[in-house]
Engineer: 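Take a look at this one; I'll ask things after.
If you're wondering where the values come from, they're calculated on a predicted model, not measured in any experiment.
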Amino acid sequence: MQLTIKYFGLIAEITKRNKEQFEFSGTLINEFLETVYLKYPKLKETHFQVAQNNEIVSKETIITQTEIALLPPFAGG
Amino acid sequence: MQLTIKYFGLIAEITKRNKEQFEFSGTLINEFLETVYLKYPKLKETHFQVAQNNEIVSKETIITQTEIALLPPFAGG
Amino acid sequence: MKDKKPKNVFKEGAISSEFIATSIEKHQSKTSIGAHNIFLGQVRADTIDNKTVSAIEYTAYEEMAIAKFHEIREAAFNKFDLNCMHIYHSLGKVNVGEICMFVFVSSPRRKEVFKAIEYIVEEIKANVPVFGKEIFEDETHQWKVNS
Amino acid sequence: MKDKKPKNVFKEGAISSEFIATSIEKHQSKTSIGAHNIFLGQVRADTIDNKTVSAIEYTAYEEMAIAKFHEIREAAFNKFDLNCMHIYHSLGKVNVGEICMFVFVSSPRRKEVFKAIEYIVEEIKANVPVFGKEIFEDETHQWKVNS
């Protein structure tokens, strides 16, 4: 399936873009991240959380949406 | 000695004035209040606190100032 | 900005939103501030025995009140890490819906302002000799008591 | 005034003191309100390794942020006795000394607003995906992390 991945803040600075599409045939967030790390090895050493369907999810979560977001630490307020 | 007594809020409504002077020869707040009650018996059934030198004091306190205030419940804020 | 001289916090009549805005704006040059907390007391149209409050007329034992406001101010500066603190209270008539008290604290960090604002407001309610005559729409009145 | 539709709380650039004043003024017709509490986040001129922050540029995962703001809003209305609640957060560049967040709660009684404001601010800090790029005077930057 085709996944849209969104990047924010420090993460977008590393990937040099705000979003992109990946072809992905696996099941879990974890597996998908391996694909992303191949393109952006620096993300492996960078702290971020993953959001799916507007919720932070663990990396063992099954991908059910076509949009995934990588979120660096929050700094609101 | 001559004492100035100040009345506020509900108390001033009962005494119909904001302040007045009393001649007093005793020692304690309590004794002085007896003089005041003679003039305003209704104050006996009215809740108030006594302030001397900008502090709430108990009725067993010795009078050291020439100004005493009778304060009804606070309603600031 | 701590100072040692008691300030007169009383203002005649309601506290306007413009006054509050100006006060906020004055803090924009203080760039070590990260968080402000503002408490506003507003006169409520309470209904008691079918009569509705239309205004509160505030009076105070001013000399003692100013001393108490100063004590509260000093205690709050000692307890909390604050850049500044401002307290204003109305005297005279304040209509329902209008602001009768304005407490403003600022700190580098948010945790401090939450603790400070509650402390200051509770201390004012408990210890400052301000009296409130609740005036009903029919011109009768009763004396307010803080709960 | 509780509503069920998510609101867009984001504003481009700093939140002005006039905007805050207008917001306060709009509450004067709500005469069951007795207490307001306002939290303001202000951009601090922090110094890190001898470089001083001159502005923060905010971005957000807006779709998720709006959903989270809505959840926080609903939870606060359920937990506390509030008349109204307003939340605004800046996006884009906010200079030091300017306001980047405005949270406004109103209740008949003061105890509720103290608890509510702290709850809402802490929830926002922890759960809303807003990102802040701290821009130094020499144009370099670092990414802010909430503490």
Side-chain angles (χ1 to χ4, degrees), chain C residues 14-47 52-54 56 83 95-111 113-122 124-125 146-147, chain D residues 14-47 52-54 56 83 95-111 113-122 124-125 146-147:
Chain C
I15 295 160
S16 72
S17 56
E18 293 77 23
F19 181 81
I20 297 163
T22 303
S23 194
I24 293 168
E25 215 161 297
K26 281 182 187 158
H27 289 76
Q28 307 213 327
S29 59
K30 298 184 183 174
T31 57
S32 61
I33 293 173
H36 303 288
N37 201 340
I38 293 171
F39 177 87
L40 302 173
Q42 184 167 302
V43 175
R44 234 183 10 240
D46 280 349
T47 298
T52 301
V53 172
S54 68
I56 297 182
N83 298 78
N95 293 319
V96 293
E98 292 182 328
I99 305 296
C100 58
M101 184 161 83
F102 170 28
V103 181
F104 187 179
V105 293
S106 310
S107 170
R109 313 222 161 252
R110 72 185 180 282
K111 305 268 184 201
V113 297
F114 297 131
K115 289 183 288 179
I117 201 94
E118 184 165 6
Y119 171 82
I120 295 165
V121 172
E122 295 300 335
I124 292 170
K125 296 259 180 189
N146 273 349
S147 56
Chain D
I15 295 160
S16 72
S17 57
E18 294 76 24
F19 182 82
I20 297 163
T22 304
S23 192
I24 293 168
E25 214 160 297
K26 281 182 185 157
H27 289 75
Q28 308 214 328
S29 59
K30 298 185 183 173
T31 58
S32 61
I33 293 174
H36 303 288
N37 201 340
I38 293 172
F39 177 87
L40 302 173
Q42 182 167 303
V43 175
R44 235 183 9 241
D46 280 349
T47 299
T52 301
V53 171
S54 69
I56 296 182
N83 297 77
N95 293 319
V96 293
E98 292 182 328
I99 306 294
C100 58
M101 183 161 84
F102 170 29
V103 181
F104 187 0
V105 294
S106 309
S107 170
R109 311 219 162 255
R110 72 185 181 281
K111 307 267 183 200
V113 298
F114 297 131
K115 288 182 288 179
I117 200 95
E118 185 166 3
Y119 171 82
I120 296 165
V121 172
E122 296 299 335
I124 293 171
K125 295 258 180 189
N146 273 348
S147 57

Engineer: Taking the side chain as every heavy atom from C-beta outward, state whether C:Arg110 and D:Glu122 have any pair of such atoms under 4.5 Å apart.
Structural biologist: yes
Engineer: Would you mind checking which part of D:Ser29 comes under 4.5 Å of any heavy atom in chain C, side chain (CB onward), backbone (N, CA, C, O), both or neither?
Structural biologist: neither
Engineer: To the closest 0.5 Å, what do you measure between CD1 (C:Ile117) and CD1 (D:Ile117)?
Structural biologist: 9.5 Å
Engineer: The criterion is salt bridge (Lys or Arg N to Asp or Glu O under 4.0 Å); which residues satisfy it with C:Lys26, sequence neighbours excluded?
Structural biologist: none
Engineer: What option among D:His27, D:Glu18, D:Gln28 has the most heavy-atom pairs under 4.5 Å with chain C?
Structural biologist: D:Gln28
Engineer: Which atoms of D:Val113 come close to chain C, meaning under 4.5 Å heavy atom to heavy atom: side chain ones, backbone ones, both, or neither?
Structural biologist: side chain
Engineer: Return the minimal non-hydrogen interatomic distance between D:Ala21 and C:Ala21, and the atom names on each side.
Structural biologist: CB-CB, 3.7 Å
Engineer: To the nearest 0.5 Å, tell me how far C:Glu118 CD sits from D:Lys115 NZ.
Structural biologist: 9.0 Å
Engineer: Between D:Ile20 and chain C, which part of the residue has a heavy atom less than 4.5 Å away: side chain, backbone, both or neither?
Structural biologist: side chain
Engineer: Between OG1 of C:Thr31 and CG of D:Asn95, what distance do you get to the nearest 0.5 Å?
Structural biologist: 11.5 Å
Engineer: Applying a heavy-atom distance below 4.5 Å, give me the residues of residues 34-42 of chain C that approach chain D, sorted by number.
Structural biologist: C:Gly34, C:Ala35, C:His36, C:Asn37, C:Ile38, C:Phe39, C:Leu40, C:Gly41, C:Gln42
